[in-house]
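In what follows, a structure is listed as structure tokens, so that the remarks can point back to it.
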Amino acid sequence: MRLRQKYRMRTPSTGREVVVEAAPGVDYVDRETGEDLEVVAQLLPLAPTASELPWAVENLRFCNWCDQLTQKDLNDCPHCGRRMDPLGS
Ligand SMILES: [Zn+2]
């Protein structure tokens, strides 16, 4: 289970972007320029999550119980909490 939220962060002067698993109350700076990184976006799925897969069509399936989209690397549906059928069955 991943508890920390992942963010896409950008260095203002160079536009370089990195993905950071950020902890609350910590300032993140660019290793080369020393600038404060600005947050560009939060990555889905939001923490806490049992899935490491990005929220993208190729990583999603429909729960066979509630028909909601869930990540393929999960056994239990995050919407209804039930155990989903194995993939490919
Ligand atoms: Zn479900």
Side-chain angles (χ1 to χ4, degrees):
M1 181 69 78
R2 173 163 61 82
L3 295 175
R4 288 183 178 175
Q5 179 59 40
K6 284 185 184 175
Y7 294 92
R8 228 170 75 211
M9 295 189 179
R10 182 180 343 183
T11 306
S13 68
T14 63
R16 201 170 67 98
E17 293 188 356
V18 289
V19 171
V20 178
E21 224 170 272
V26 179
D27 286 329
Y28 292 89
V29 295
D30 187 278
R31 252 175 273 156
E32 283 152 33
T33 67
E35 285 171 89
D36 285 339
L37 295 179
E38 49 188 36
V39 174
V40 181
Q42 289 190 339
L43 298 196
L44 294 171
L46 297 176
T49 171
S51 174
E52 284 302 323
L53 292 175
W55 190 260
V57 170
E58 59 268 28
N59 294 330
L60 297 172
R61 61 183 285 198
F62 288 99
C63 170
N64 54 288
W65 297 103
C66 68
D67 254 358
Q68 296 296 304
L69 284 169
T70 73
Q71 290 99 322
K72 285 181 181 168
D73 63 344
L74 299 178
N75 294 319
D76 297 321
C77 173
H79 304 284
C80 68
R82 295 162 101 166
R83 175 64 49 117
M84 295 181 286
D85 282 346
L87 276 178
S89 67

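Each ligand, and each atom within it, is numbered from 1 in the order the structure gives.
- For the residue pair W65 and R83, the shortest heavy atom distance occurs at NE1-O, 2.8 Å.
- The side chain to side chain donor-acceptor pair (under 3.5 Å) test applied to T70 returns no partner, not counting sequence neighbours.
- The main-chain N or O of L60 is never found under 3.5 Å from a side-chain atom of Q71 such that the two would form a donor-acceptor pair.
- Shown here for L74 and M84, the closest heavy-atom pair between the two residues is O-CE, 3.5 Å.
- In this structure, D73 CG and R61 CZ are separated by 10.5 Å, a value rounded to the nearest 0.5 Å.
- To the nearest 0.5 Å, atoms OG1 (T14) and CG (D30) are separated by 5.5 Å.
- Only protein N, O or S atoms were considered, and those under 2.8 Å from the Zn ion (ligand 1) are C63 SG, C66 SG, C77 SG, C80 SG.
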